[in-house]
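To start, the structure under review is shown below, and the notes come after it.
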Amino acid sequence: MVTPGTLFKASFDASKAFFRMPAEEFTQRTPVVSYAQPVMVPIRSIGSRHGERIATHLLALDAPDRYLRFGYAANDEQIRRYVDGLNFERDEIFGIYNRRLELIAMAHLAFSSDPELKSCAEFGVSVLAKARGRGYGARLYDRAVMHARNDGIDIMFIHALSENTAMLRIASKAGARIERDGSESEAYLTLPPADLDSRMTEMVEEQLAQTDYRLKVQAKKFWDFLTALQKVGHGVRE
Ligand SMILES: CC(C)(COP(=O)(O)OP(=O)(O)OC[C@H]1O[C@@H](n2cnc3c(N)ncnc32)[C@H](O)[C@@H]1OP(=O)(O)O)[C@@H](O)C(=O)NCCC(=O)NCCS
């Protein structure tokens, strides 16, 4: 449950962060451990307008990551086909953006179209290599669980390679049952029914994430404007 204290701290931390230049962020491939972990990670639901950003995110995954994400070493064309085939009406796509509006982590909650499996949903996730180890994968999983619950889903499952320790760890920590079958594994999480708490929490979190995104858009415009102004200044001096 999101408490008023948590919201206050999240909003305070966010306003501090907007005064930092975006270039300071995520410039290395390995996670920058000196950054304090945010109290709340703004995860927003993504619509079809963000198709190009989704494609850019997935195309940035290297071959081993693509293999872990899709179960095969998807080439660029297969990734583009996957993005073009996303059903934004039926499924839910969640994302985490940095201050440069780069989609650094995303999850796809796919609802079954088979009438006999109406209460099942499949979860798939990817986090850019430079943003790993910060808990984004686990947060996206929790967010998807809450959404699936509120949508009347009973079982959320993941199809993962057995070597995918990070993914299986996220699922098993959340209480999923892991079934290994050689090199492949399935993780099944049985969801409790929705309640007032889960509905309210999802509503508040979504609103916060949308506001966070709008602020990031404004902050980016501001920094872009300032950079352009500096370039003009340099040009005039020269
Ligand atoms: C799987 C993936 C989404 C994890 O994202 P992440 O943001 O780095 O994960 P988190 O930071 O939330 O870490 C989750 C847990 O896994 C552990 N973990 C992370 N990377 C690990 C690794 N390489 N080996 C072992 N454990 C690892 C973390 O320590 C953490 O456990 P803890 O809570 O006990 O500390 C990310 O590695 C990824 O995008 N991989 C490529 C695509 C993929 O495999 N998708 C999943 C298949 S659908």
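Whatever order the structure lists them in is the order used to number ligands and atoms, beginning at 1.
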Selected option - heavy-atom contact closest to atom 47 (C) of ligand 1, from L68, I158, L168: L68
State plainly whether the residues K216 and D212 are in salt-bridge range, i.e. N to O under 4.0 Å. yes
Test of understanding: given a 4.0 Å heavy-atom threshold, classify the contact between R169 and ligand 1 as side chain, backbone, both, or neither. side chain
N or O contact, V127 vs ligand 1, cut-off under 3.5 Å: yes
Rounded to the nearest 0.5 Å, how far apart are CD of Q210 and CG of L215? 11.5 Å
Just to be sure I read this right, does ligand 1 sit under 4.0 Å from the backbone of R134, its side chain, both, or neither, counting only heavy atoms? backbone
Based purely on interatomic distance, does K173 place a nitrogen or oxygen under 3.5 Å from a nitrogen or oxygen of ligand 1? yes
What distance separates M203 CE from L208 CG, expressed to the nearest 0.5 Å? 11.5 Å
Pick whichever of H108, R132, R69 has a heavy atom sitting closest to atom 41 (C) of ligand 1. R132
Nearest protein heavy atom to atom 35 (O) of ligand 1: under 4.0 Å? no
Determine, using heavy atoms of A160 and all atoms of ligand 1, whether some pair is separated by less than 4.0 Å. no
Counting only N and O atoms by type, is there a donor-acceptor contact under 3.5 Å from the side chain of R44 to the main-chain atoms of G95? no
Nearest protein heavy atom to atom 12 (O) of ligand 1: under 4.0 Å? yes
By number and element, which atoms of ligand 1 are closer than 4.0 Å to a non-hydrogen atom of G124? 48 (S)
Strictly less than 4.0 Å: does any protein heavy-atom distance to atom 31 (O) of ligand 1 fall in that range? yes
Hey, would you say the Y213 and Y97 ring centroids sit under 6.0 Å apart? yes
Looking only at distances, can you tell me whether any N or O atom of N164, backbone or side chain, sits closer than 3.5 Å to an N or O atom of ligand 1? yes
Check whether the side chains of S185 and D181 place a donor and an acceptor atom closer than 3.5 Å, and report yes or no. no
Tell me which protein heavy atom sits closest to atom 45 (N) of ligand 1, plus the residue, atom name and distance to 0.1 Å. V125 O, 2.8 Å
Would you say the side-chain atoms of S198 and D195 include a donor-acceptor pair closer than 3.5 Å? yes
Any atoms of ligand 1 less than 4.0 Å from a non-hydrogen atom of T165? List them with their elements. 25 (C)
Please confirm whether G135 comes within less than 3.5 Å of ligand 1 when only nitrogen or oxygen atoms on both sides are compared. yes
Taking the minimum heavy-atom distance to atom 27 (C) of ligand 1, which of G133, S126, A105, A166 ranks first? A166
Heavy-atom protein neighbour under 4.0 angstrom from atom 2 (C) of ligand 1: no
Between CG of L191 and SG of C120, what distance do you get to the nearest 0.5 Å? 9.5 Å
Does any N or O in the side chain of R80 come within less than 3.5 Å of the main-chain N or O of A55, such that one atom is a donor and the other an acceptor? no
Check whether any side-chain N or O of R132 sits under 3.5 Å from a backbone N or O of V127 as a donor-acceptor pair, and report yes or no. yes
Could you tell me which atoms of ligand 1, counted from 1 in the order shown, lie closer than 4.0 angstrom to a heavy atom of A138? 12 (O)
What about the rings of F123 and Y141, do their centers lie closer together than 6.0 Å? yes
Structural part of I170 in contact with ligand 1, heavy atom criterion under 4.0 angstrom: side chain
Judged on heavy-atom distance to atom 7 (O) of ligand 1, which of G137, A129, A107 sits nearest? G137
Heavy-atom contacts under 4.0 Å between L61 and ligand 1: side chain, backbone, both, or neither? neither
Centroid-centroid under 6.0 Å between F94 and H147 rings: yes
Is any side-chain N of the basic residue among D65 and R69 closer than 4.0 Å to the acidic one's carboxylate O? no
